[in-house]
Amino acid sequence: MGHPIVQVDHLTKSFNGFVAVNDLSFSIEEGEILGLLGPNGAGKTTLIQMLLGLITPTAGEIRILGFDLKRHREEILSQVNFSSTYISMPTSLTLRENLTVFAKLYGIKKPEHRIDELLEIFEIKRLKNTITRHLSSGQLTRLSLVKALLNRPKVLFLDEPTASLDPDIADKTRTLLKSIRDQSRLTLLYTSHNMKEMEEISDRILFLHQGRILASGTPAEILRLFAERNLEDVFLKVARGNHSLEPPESRP
Amino acid sequence: MKLHRVTALVLRHLYLYQRSLPRMTEVLFWPLIDLLLWGFVTLYLQRFQANLPKFVTFFLGALILWDILYRAQQGISVSFLEEVWSKNLLNLFVTPMRPSEFLAALLTISIAKLLTAGLASAFLAWLFYSFNLFVLGLSLIPFVLNLALMGWAIGIITMASILLYGQEAEVMAWGLAFLVQPVSAVFYPVSVMPAWVQPIAWMMPSSHVFEGMRAVVETGAFPVEELVKAFILNLFYLSLALSFFYRNLRVVKEKGLLLRSGTE
């Protein structure tokens, strides 16, 4: 691992008195895949949106690639990308048209080669001239991942990227992401409700609960900490309140 | 401001329009319907009001110019709604795109739309009623510019409201311009309005443009005073609209509402 690419210090976000993210501090090293885990309402989406500059933090500081997000949004976002199952792309455009628009937004010169290369990797090149609305949900997810890799990002935020993929394509996607990470030192922040996937892909897991870090460590360390055999059981334990673990800062 | 990001956003709308017949016809269909409806009404009224000077010029000129304001506003607000409808806002806002680049792209699309609709209306008015919009001469340029500026101010206010209140505010995209139409002196002079309405009408840049247009038709003189007043008012409203947009963008980021606008 290398130096911290993402550095979060005392990050807090409250909405009308409700604290969604509570004094979070963590970092992600260069080339690391950090799995973000937590039940609904744990603060995962709010955290990712703050890291992307879509939500203004109430307090705290975010530094990505050495830049302060508040002051250097443009420099950061040109080297970062994002993909989520929950957002879409214009459905009346073809895949090629959609990707050309985003390539130009990222300032990629002569983007045709990069688009073809990524469509080939994700096995949707034959659909290049298909109108996006005619894609299946799995193909849409792959399109979103192609978009996310267009600008050769140094940091990638992926919110449930494999949620609508069949096991074969999901497995290929994970393998591909790991291979890109190995080749280009890509740093990834990854969320998923598929615990097996989280265990498989994450170098380290950040377990959020009620806006705070409940546990942090490699998947094996998390299992040891909760005395469970798999992450699914850890998740159920936390979600149902059957644990006595306190956030690290509250522990003696 | 980076030109490649502005052209990327414009390209996105060109792709959208090139294969969407409903969208293409929308730009031309409503101006045509308005022109046919009000054009024939004008011709009919003229038969009974033969002594009313240059009735066709007043009416059709006003109709075409009003449509320029409306198209300018729609060019902003409907283009923004296209991003909301396609759940594409978040994708855009996680790119390095600046809000000013987003606005510049919407203005470019708006100019393309208003020029298409305006020129098509002018041609059809000539074809059906032998009405030549260009009798307004050089003053046509500042008239169009002022109406476009006012349309953009209304469009930006609409967009900023949708950003903050979500799709509930979508109705503003279709109705807000018509809310100011009765006090814009489009088809009748300010002097026929009730005395208490007249000060409101004079606060509308569009009132000055339409009064100016009538002055050109009647006297042929270039209405400098009306155009200067319209321009000053437009600068004021445009500054107000931009402040409202940037303020709402800040509030939306503070309240975490961009996800709602981008996915609902």
Side-chain angles (χ1 to χ4, degrees), chain A residues 13-16 18 20-21 45-46 48-58 72-94 96-98 100-109 111 131-133 140 143-144 147-148 150-151 153 157 159, chain B residues 1-24 79-102 104-105 163 246-264:
Chain A
K13 181 66 196 178
S14 348
F15 298 107
N16 294 325
F18 168 73
V21 167
T45 304
T46 306
I48 290 181
Q49 294 217 13
M50 282 195 281
L51 293 172
L52 287 162
L54 298 171
I55 292 181
T56 312
T58 307
H72 300 275
R73 179 191 166 276
E74 206 177 318
E75 289 92 331
I76 291 171
L77 289 182
S78 62
Q79 301 176 75
V80 167
N81 216 315
F82 170 64
S83 171
S84 166
T85 310
Y86 305 108
I87 56 174
S88 174
M89 273 199 245
T91 53
S92 309
L93 273 59
T94 65
R96 184 187 58 81
E97 289 167 348
N98 265 320
T100 303
V101 169
F102 281 98
K104 285 181 181 293
L105 276 170
Y106 284 103
I108 300 166
K109 291 190 175 76
I131 306 282
T132 303
R133 85 167 73 87
L140 279 172
L143 172 64
S144 178
K147 189 276 301 179
L150 271 176
N151 61 328
F157 298 107
D159 189 10
Chain B
M1 189 177 294
K2 293 277 191 330
L3 192 63
H4 66 83
R5 293 203 283 256
V6 178
T7 51
L9 292 166
V10 173
L11 185 67
R12 175 255 188 279
H13 286 271
L14 288 180
Y15 282 145
L16 183 70
Y17 274 79
Q18 75 180 3
R19 73 165 61 85
S20 174
L21 193 63
R23 285 182 177 91
M24 277 304 287
S79 303
F80 175 71
L81 276 171
E82 293 280 6
E83 305 299 359
V84 175
W85 292 330
S86 59
K87 300 179 182 175
N88 193 38
L89 266 189
L90 280 194
N91 275 326
L92 294 178
F93 277 94
V94 299
T95 70
M97 175 195 80
R98 292 181 196 168
S100 58
E101 290 161 349
F102 186 63
L163 197 60
Y246 279 103
R247 177 248 178 213
N248 282 10
L249 192 61
R250 184 176 49 77
V251 172
V252 157
K253 283 186 173 185
E254 273 167 14
K255 293 188 172 180
L257 298 176
L258 209 52
L259 185 66
R260 182 198 63 184
S261 304
T263 58
E264 74 177 358

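Chain letters run A, B, ... following the sequence lines, proteins first, then strands; residues in each count from 1. When reading the values below, keep in mind they use all heavy atoms of this one structure, side chains included, and skip hydrogens, waters and symmetry mates.
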Please flag which part of [X] lies under 4.5 Å from any non-hydrogen atom of chain B: side chain, backbone, both or neither.
| X | result |
| --- | --- |
| A:Phe157 | neither |
| A:Thr46 | neither |
| A:Ile76 | neither |
| A:Thr45 | side chain |
| A:Glu97 | both |

Please determine whether a side-chain nitrogen of the Lys or Arg among B:Arg5 and A:Glu74 lies less than 4.0 Å from a carboxylate oxygen of the Asp or Glu. yes
Largest heavy-atom contact set with chain B, pairs under 4.5 Å, which of A:Thr94, A:Thr56, A:Thr58: A:Thr56
Return the option, out of A:Arg133, A:Met50, A:Lys13, with the maximum number of heavy-atom pairs under 4.5 Å with chain B. A:Lys13
Within the distance-only criterion (no hydrogens, no angle test), does the side chain of B:Asn91 pair as donor or acceptor with the backbone N or O of A:Ile87 below 3.5 angstrom? no
Do you know the tightest heavy-atom contact between [X] and [Y]?
| X | Y | answer |
| --- | --- | --- |
| B:Lys253 | A:Arg73 | NZ-NE, 4.2 Å |
| B:Arg19 | A:Ser92 | NH1-O, 3.1 Å |
| B:Gly256 | A:Phe15 | N-CE2, 3.9 Å |
| B:Ala8 | A:Lys104 | CB-CB, 3.5 Å |

Check against side-chain contact (heavy atoms from CB on, under 4.5 Å), A:Phe102 and B:Asn88: CA-CA 11 Å; A:Phe102 281 98; B:Asn88 193 38; 3.5 Å; yes
Would you say the side chain of [Y] lies within less than 4.5 Å of the side chain of [X], judging by non-hydrogen atoms?
| X | Y | value |
| --- | --- | --- |
| A:Thr100 | B:Tyr15 | yes |
| B:Leu90 | A:Leu54 | yes |
| A:Pro90 | B:Arg12 | yes |

Give, as side chain, backbone, both or neither, the part of B:Gln18 having an atom under 4.5 angstrom from any heavy atom of chain A.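 For B:Gln18, the side chain is the part near chain A, not the backbone.
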Which region of B:Thr95, side chain (C-beta onward) or backbone (N, CA, C, O), has a non-hydrogen atom less than 4.5 Å from a non-hydrogen atom of chain A, or is it both or neither?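 When you check distances to chain A, atoms from both the backbone and side chain of B:Thr95 fall under 4.5 Å.
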Please determine, among B:Lys255, B:Lys2, B:Arg98, the option with the most heavy-atom pairs under 4.5 Å with chain A.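 The residue among B:Lys255, B:Lys2, B:Arg98 with the greatest pair count is B:Arg98.
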Would you check, one step at a time, whether the test side-chain contact (heavy atoms from CB on, under 4.5 Å) holds for A:Leu105 with B:Leu92? CA-CA 9 Å; A:Leu105 276 170; B:Leu92 294 178; 3.7 Å; yes
